[in-house]
Amino acid sequence: MTQFDESDAFEGASLSARAMSARPAPYLDGLNPAQLQAVQTVDGPVLMLAGAGTGKTRALTARIAHLMAQGKARPNEILAVTFTNKAAREMRDRVGAMMGEVAEGMPWLGTFHSVCVKLLRRHAELVGRTVPDPLLEGGSRELFLKSNFTILDTDDQNRLLRQLIVAADMDEKKWPPRMLAGIIDHWKNRAWTPDKIPAAEAQAFDGQGVALYRQYQDRLLTLNAVDFGDLLMHVIGIFQTHDDILQKYRNWFRYILVDEYQDTNVAQYLWLRLLAGGHRNICCVGDDDQSIYGWRGAEVGNILRFEKDFEGAEIIRLEQNYRSTPHILAAASAVIAGNKGRLGKTLWTEAEEGEKVRLIGHWDGDEEARWIGEEAESLQRGTRGLDPKSLDDMAILVRASHQMRAFEDRFLTIGLPYRVIGGPRFYERLEIRDAMAYFRVVVSPDDDLAFERIVNTPKRGLGDKAQQTIQVMARSNGISLLEGAKLCVATKTIGGKGGAALKELCDGFDRWRAELLDGRDHIRLAEEILDESGYTTFWQNEKTPEAPGRLENLKELVKALEGFENLQGFLEHVSLIMDNEQSQDEPMVTLMTLHGAKGLEFPVVFLPGWEDGLFPSQRSMDESGVKGLEEERRLAYVGITRAEEICTISFAANRRVYGQWQSALPSRFIDELPEAHVEVLTPPGLYGGGFGAIGMAAAQHAAMSGGVTSNLQEQAAKADVYNSPGWRRLQSNATRPLRQPSEARNLTIDATAVSAFTEGDRVFHTKFGYGEVIAIEGDKLDVEFDKAGSKKIVGRFLLPAEQAGDVPF
DNA sequence: CGAACCGTGCTTTTT
DNA sequence: GCACGGTTCG
């Protein structure tokens, strides 16, 4: 076991006071009285209740600067935690701007996870268990985590859990690994170790949850691995069982700052309380109205009862908003007012009037996307007497990521540049994870999960049977899969073609490992691994449309290695740093989820898809009732408050869901918008065109699409979520025949070469199928399609029908 | 063993 | 509508 050793415990400890006092930075300049108070109330617990756009980050970083300038703490004695790497980076940059290079000396500024990794690497050996050893009959052995542990991602986690579920003779279809992962995560968010699961929860997962959880933790120890939840939980465990260590850190971190406190879960809360327990110099910043992570264990309660937890806490409200126009602020405030149990803030602004929040209804989702695309273009050109806006200043914020597709399709068609934030992240992509698995086996030959992943990727003729043979060989000899594989080759247990391929793979790993130990340049080594293993070739031979992109990504991965000293260092960082920075060569519209938009701001914001069931999400309401609805409402609040100047909310009456047309009513949040601050753009006649009229139009709409169903009435009776305005009860989720809007309507599609067409032409479009040109206007064709969306989207060309034969589909 | 075909279930949100 | 897992066939 390692002992706590102060001499090497803290990087940057030698940073001198000189660096700090060198600059009398004007970090207090321009702060308003509330912000000043938040910065200068230095000792004891402080809760900064900061509304949206009130300069919270500014105050927080000024506070850090102040602590250092006043000599209250050296940079490395300040613990500043955020939730995202981005927020951490921003904070570091800002401190840097105020205090110069001092920010570099802040090793404890980071996300909860990254700080915990640091702590855990120091004290990993203190995490251990006595586990039964299958090789010693009835015997057991002690296992400890080692400081070079690996951090599992979701995929590894699921694979591990699947093994355990299968081993427990459970039906993995009825009891999917993802579900178990969710349950375990839920427990870890509460810092519950297997021994501490409350009886009421123990029934989870067919009564096997706790047993599987225990086995899972044992397996993790054997693999010398942790998952995300472990990072916090292990550290808490160490603090709770080793008072000397806790005391050292309590003394070391003289000031603690926490961003987005409303997002902390129980484990994070316990962790903070343990660390702040001595001096109580803790400053938490948050906004209860922006708590949108309840589903991943965040407890709004943490912020609501801060005063009780830290007696004598100073509560400072930041209420002057610097971001949005009064109309936007008023709309957001009115919506959030619908929630109960808020701490309550009254945001105000000195900004000029500006435009009202705009509301528009559309017939279907495609039309919504089309309208937003055109609106973005006209804003870019300059419209309604407004200055032209850059596409960089525009964002489309959706509730769920699948909503993005409609916009991507449309923007590709019209050639509007866009960027998607928060899609599948770089390091979560298939090819990247495969490549990393190779690296992992080279760096730690015992990494069975990684080996399993790539043993037959690319295909080497090693199917289930061969893999099983390797498993058995490894397990019965108590060795890793790689060693097991070598043994299989040596003993000819696996022969033939597969055996030869396996031998080549094993030899490869031996060779790469030798080179690694030899200290060979890691970038070269990485390239070599990917080439010699056949992985690069595999993608080169693949003729699917995404293959070139994947090769590109692999190149980028190798490039990313340049920033690290060696492969180990790279692998360590990767599991935590998951942002993919996009190149910013040309202005682009940003497309992201509402969750992803938190903390950001844009002059122009579009909020599409405000329909009941989509937003607020049906699932959220079904699972968490009023609590869920309130979280959705906070999400609406977050969305509106992202906008600086122009905020446009929209909804569609019809939308394709799972390839089926479904109709929906305007979101109940639309009813909560204050009329005085909203301009309704919807053409009169279509949806009523007025505020009170939305309800009427919705009723008409419901009547048109089949009226009340018994299914809905049952639901309505069940939960008071449904008991808001009476007409809303008309909503139905039941399947019923719907008109298929795109079939019946004329679609206006941009043509690549309009001159090739004349009216009456039969045309073929790879998305919409066959149709007929009924009008030509400027550079646009008006086409009536026979049938909507019947073929796969391969390209996006509109061609005269006689050429259509050349289009692959 | 692997390619091709068929059927099922799913979409909130993420460190 | 699509991805994924399972089954079938060569």
Side-chain angles (χ1 to χ4, degrees), chain A residues 81-88 110-117 151-154 157-158 162 172-174 176-178 181-182 185 188-189 226-232 259-260 263-265 267-268 291-298 397-406 409 421-425 427-428 430 456 458-467 494 496-498 501 546 575-579 592-598 609 613-624 628 631-632 634-636 638-639 655-662 767 788-793:
Chain A
V81 278
T82 64
F83 277 81
T84 61
N85 289 304
K86 215 170 105 207
T111 62
F112 274 99
H113 286 100
S114 68
V115 168
C116 281
V117 169
I151 303 166
L152 296 194
D153 57 33
T154 327
Q157 204 183 347
N158 283 336
R162 171 153 356 111
E172 73 171 288
K173 266 194 160 161
K174 223 171 136 196
R178 284 178 53 177
D185 197 50
K188 287 185 175 176
N189 283 339
V226 300
D227 64 18
F228 270 111
D230 281 337
L231 291 173
L232 266 148
D259 196 11
E260 308 281 15
D263 288 339
T264 50
N265 60 34
Q268 285 154 337
S291 163
I292 54 175
Y293 284 109
W295 51 272
R296 72 170 192 214
L397 310 181
V398 297
R399 174 64 184 85
S401 43
H402 66 83
Q403 288 172 262
M404 292 183 188
R405 191 180 307 149
D409 277 357
I421 309 270
R425 269 176 282 230
Y427 291 114
E428 281 173 6
L430 179 87
N456 199 30
K459 302 260 186 289
R460 300 192 166 82
L462 297 164
D464 286 349
K465 216 169 147 221
Q467 291 189 38
I494 298 176
K497 243 169 130 186
E546 62 266 23
S575 39
L576 290 170
I577 306 163
M578 309 222 291
D579 313 322
M592 61 165 92
T593 64
L594 286 162
H595 284 88
K598 192 157 130 193
L614 183 57
F615 187 43
S617 133
Q618 193 61 47
R619 183 152 170 182
S620 173
M621 293 187 292
D622 288 347
E623 278 172 12
S624 319
E631 183 153 314
E632 296 288 306
R634 290 193 289 268
L635 211 42
V638 168
R655 206 176 276 284
R656 263 191 129 108
V657 184
Y658 306 142
Q660 286 247 302
W661 284 101
Q662 296 219 314
K767 178 169 183 189
S790 57
K791 283 288 169 207
K792 287 207 166 189
I793 309 167

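The chains referred to below are lettered A, B, ... by the order of the sequence lines, with proteins before strands, and numbering in each begins at 1. Every value quoted in this text rests on a predicted model; they were computed, and no experiment measured them.
Evaluation of A/Phe112 against the base of B/dT15 yields no stacking contact (centre distance < 5.5 Å, interplanar angle < 30° required).
Rounding to whole angstrom units, CD of residue A/Glu632 and C1' of B/dT13 are separated by 8 Å. We find that CD1 of A/Ile292 is positioned 11 Å from P of B/dT15, with the value rounded to whole Å. Across the protein-nucleic acid pair, A/Gln157 atom CD and B/dT14 atom C1' stand 13 Å apart, rounded to whole Å. Between the CG atom of A/Leu614 and the C1' atom of B/dT13 there is a distance of 12 Å, rounded to whole Å. Note: CG (A/Asp263) to P (B/dT13) measures 17 Å, nearest angstrom. Residue A/Phe83 contributes atom CZ, which lies 11 Å from atom P of B/dT15 at whole-angstrom precision. In this structure, the CG atom of A/Asp185 is 10 Å from the C1' atom of B/dT14, given to the nearest Å. Going from atom CE of A/Met404 over to atom C1' of C/dG1 covers 18 Å, rounded to whole Å.
When side chains are defined from C-beta on, A/His595 counts as touching A/Leu635, because their heavy atoms get closer than 4.5 Å.
For the pair A/Arg178 and B/dT11, the criterion of a side-chain N or O lying under 4.0 Å from OP1 or OP2 is met. For A/Thr593, a side-chain nitrogen or oxygen approaches OP1 or OP2 of B/dT14 to under 4.0 Å.
Among A/Thr84, A/Val81, A/Asp263, A/Leu231, the one residue that satisfies the side chain to side chain contact (heavy atoms under 4.5 Å, CB included) test with A/Phe112 is A/Val81.
Out of B/dT14, B/dT11, B/dT15, the shortest distance to the side chain of A/His113 is found at B/dT15. For A/Trp295, whose side chain is taken as the heavy atoms from C-beta onward, the closest listed nucleotide among B/dT11, B/dT13, B/dT15 is B/dT13. Set against B/dT14, B/dT11, B/dT13, the side chain of A/Arg296 has B/dT14 as its closest nucleotide.
Of all the heavy atoms in A/Pro177 and A/Arg162, the pair that sits closest is CG-CB, 3.7 Å.
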| task | List the steps, then state whether side chain to side chain contact (heavy atoms under 4.5 Å, CB included) holds for A/Ile292 with A/Leu594. | result | CA-CA 9 Å; A/Ile292 54 175; A/Leu594 286 162; over 6 Å; no
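Residues A/Arg405 and A/Thr84 both approach DNA chain B. Their nearest nucleotides, taken by heavy-atom distance, put A/Arg405 toward the 5′ side.
Rounding to the nearest 0.5 angstrom, the gap separating the CZ atom in A/Phe228 from the CD atom in A/Gln157 is 9.0 Å.
Look at the C1' atom in both B/dT13 and C/dC4: the space between them is 22 Å, to the nearest Å.
As judged by a 4.0 angstrom heavy-atom cut-off over every strand, A/Ser620 is placed among the base-contacting residues.
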